[in-house]
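Only one structure is covered here, and it is reproduced in the block below.
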There are 2 protein chains.
Amino acid sequence: MGRDPREFLQIGDASERTGLTQRTLRYYEEKGLLRSPARMEGGFRLYSGDDIDRLERIKELRELLGFSLADIKEMLDAEDVRLQIKSEWRKDADAAEKAQKMRVAREITLQQLQLIDQKMAKMATMRDQLAERIAKYDANLRQWSEESAARQHS
Amino acid sequence: MGRDPREFLQIGDASERTGLTQRTLRYYEEKGLLRSPARMEGGFRLYSGDDIDRLERIKELRELLGFSLADIKEMLDAEDVRLQIKSEWRKDADAAEKAQKMRVAREITLQQLQLIDQKMAKMATMRDQLAERIAKYDANLRQWSEESAARQHS
DNA sequence: ACGCACGTTAACGCGAACGTGAGAATGCCG
DNA sequence: CGGCATTCTCACGTTCGCGTTAACGTGCGT
């Protein structure tokens, strides 16, 4: 998967592609939200396509949904558990422990889902209120223009 | 236990009612998100029912939807324009200017609505992904328990 | 009038999430 | 090889959204 060195981006290009600053990319790495990317011999970071995807998910979770980086880390970690366990499935030593970790991850995910459902419900309410308010603006503007027209006729 | 006129709450009660700290109430006032509430002779703040409502809206916008206080201030200001214009409707000097302000407020509100629609769409996508992930957790757990049972029989 | 809960402003502190250089190393082109 | 852009690692600075004393004033039951 992705052997082409041109599929890797240096931090400048990665920054431009994601719309996040270089500082932010390093910061996310430092905070453990992004696993340390590959490096060139000289030490320059090389971001894979997966890295870019993950960064864009982080960006949406943060900018669009307003989650804290700590929350996001928890989410992504929970997300990783399944994949990680799956990749290590062959050596099923202490499978009970793995199952337990997976149940925990499931619980976290479920809580996230419920949280999002709550948010969406509240958002729908807000949306309706905004639509109603626009209708009132329009009603007022329409009424004003009618009154204005009537006044011109008197 | 201050027994005050029924409709007004002192900052302690207002804090308890809204779930926001007293510091936060003063901070929101300082930042212009809440118009300065009434005061007693001694200087104690008196929050009206409207104040409480507004505070609860701010709380939802912030905690639930993750907007910045600056964003929220802009929203609420846009919201106020209609009411303010309505209350000053009698002196309709330069009504054209008022209509213009109202159109601007309408535009801002419309943008907010569109923003919320975008957020809800992304949220719905995320929700589905989470649901799918839970299904995968369950599938893995179910499979694991079956294999475990089979192993016990061998 | 006293006590005590409750409120006031002012000011400093704090964690999160980066911004902003400084100074040195690296990549690459001619 | 020189020269220039890019990146590296510290490390201090900044903004937001409050928390936390400190020092002092107010409301009110007794």
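Any value given below was found using the heavy atoms of this structure, including those in side chains, with hydrogens, waters and symmetry copies removed. Convention: sequence-line order gives letters A, B, ...; per-chain numbering from 1.
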**Message:** Rounding to an integer number of Å, can you tell me how far B:Arg39 CZ sits from D:dT26 P?
**Reply:** 13 Å
**Request:** Give, for atom CZ of B:Arg127 and atom CD of A:Gln114, the distance between the pair rounded to the nearest 0.5 Å.
**Result:** 10.0 Å
**Request:** Evaluate side-chain hydrogen bond (donor to acceptor under 3.5 Å, both in side chains) for B:Asp51 paired with B:Ser48, printing each intermediate quantity in order.
**Result:** CA-CA 5 Å; B:Asp51 291 336; B:Ser48 71; 3.2 Å; yes
**Prompt:** Measuring from B:Leu64:CG to A:Met120:CE, what's the distance to the nearest 0.5 Å?
**Reply:** 12.5 Å
**Message:** Can you tell me how far apart OG1 (A:Thr109) and CG (A:Leu113) are? Round to the nearest 0.5 Å.
**Reply:** 9.0 Å
**Asked** Does a side-chain N or O from A:Arg62 land closer than 4.0 Å to OP1 or OP2 of C:dA16, or not?
**Response** no
**Within 6.0 Å of CZ in A:Arg17, more than 12 heavy atoms from elsewhere** = no
**Request:** Check A:Arg23, A:Arg45, A:Arg35 against A:Glu29 for a salt bridge (charged side-chain N to carboxylate O under 4.0 Å, His left out) and give me the one that passes.
**Result:** A:Arg45
**Prompt:** For A:Leu46 and D:dT6, what is the distance between atoms CG and P respectively, to the nearest whole Å?
**Reply:** 16 Å
**Request:** Specify the separation, in whole Å, of atom CD1 of A:Ile11 and atom C1' of D:dC8.
**Result:** 9 Å
Using the 3.5 Å cut-off, write out each protein N or O paired with an N or O of nucleotides 27-29 of chain C and the distance between them.
residue : atom : partner : partner atom : Å
C:dG27  : OP1  : A:Gly42 : N            : 3.1

**Prompt:** Looking at DNA chain D, which of residues 21-34 of chain B put a heavy atom within less than 4.0 Å of it?
**Reply:** B:Thr21, B:Arg23, B:Thr24, B:Tyr27, B:Tyr28
**Request:** Please work out which residues in residues 67-74 of chain A have a non-hydrogen atom less than 4.0 Å from an atom of DNA chain C and list them by number.
**Result:** A:Ser68, A:Leu69
**Prompt:** Which whole-number value in Å describes the distance from A:Asp13 CG to D:dT6 P?
**Reply:** 9 Å
**Asked** How long is the line joining CZ of B:Phe8 and C1' of C:dG7, in whole Å?
**Response** 18 Å
**Asked** Are there more than 12 heavy atoms of other residues, nucleotides or ligands under 6.0 Å from atom CD of B:Glu56?
**Response** yes
**Asked** For the side chain of B:Arg39 and the backbone of B:Phe44, is there at least one donor-acceptor N/O pair under 3.5 Å apart?
**Response** no
**Message:** Quick one: does any side-chain atom of B:Arg54 pair with a main-chain N or O of B:Leu33 as donor and acceptor, under 3.5 Å?
**Reply:** yes
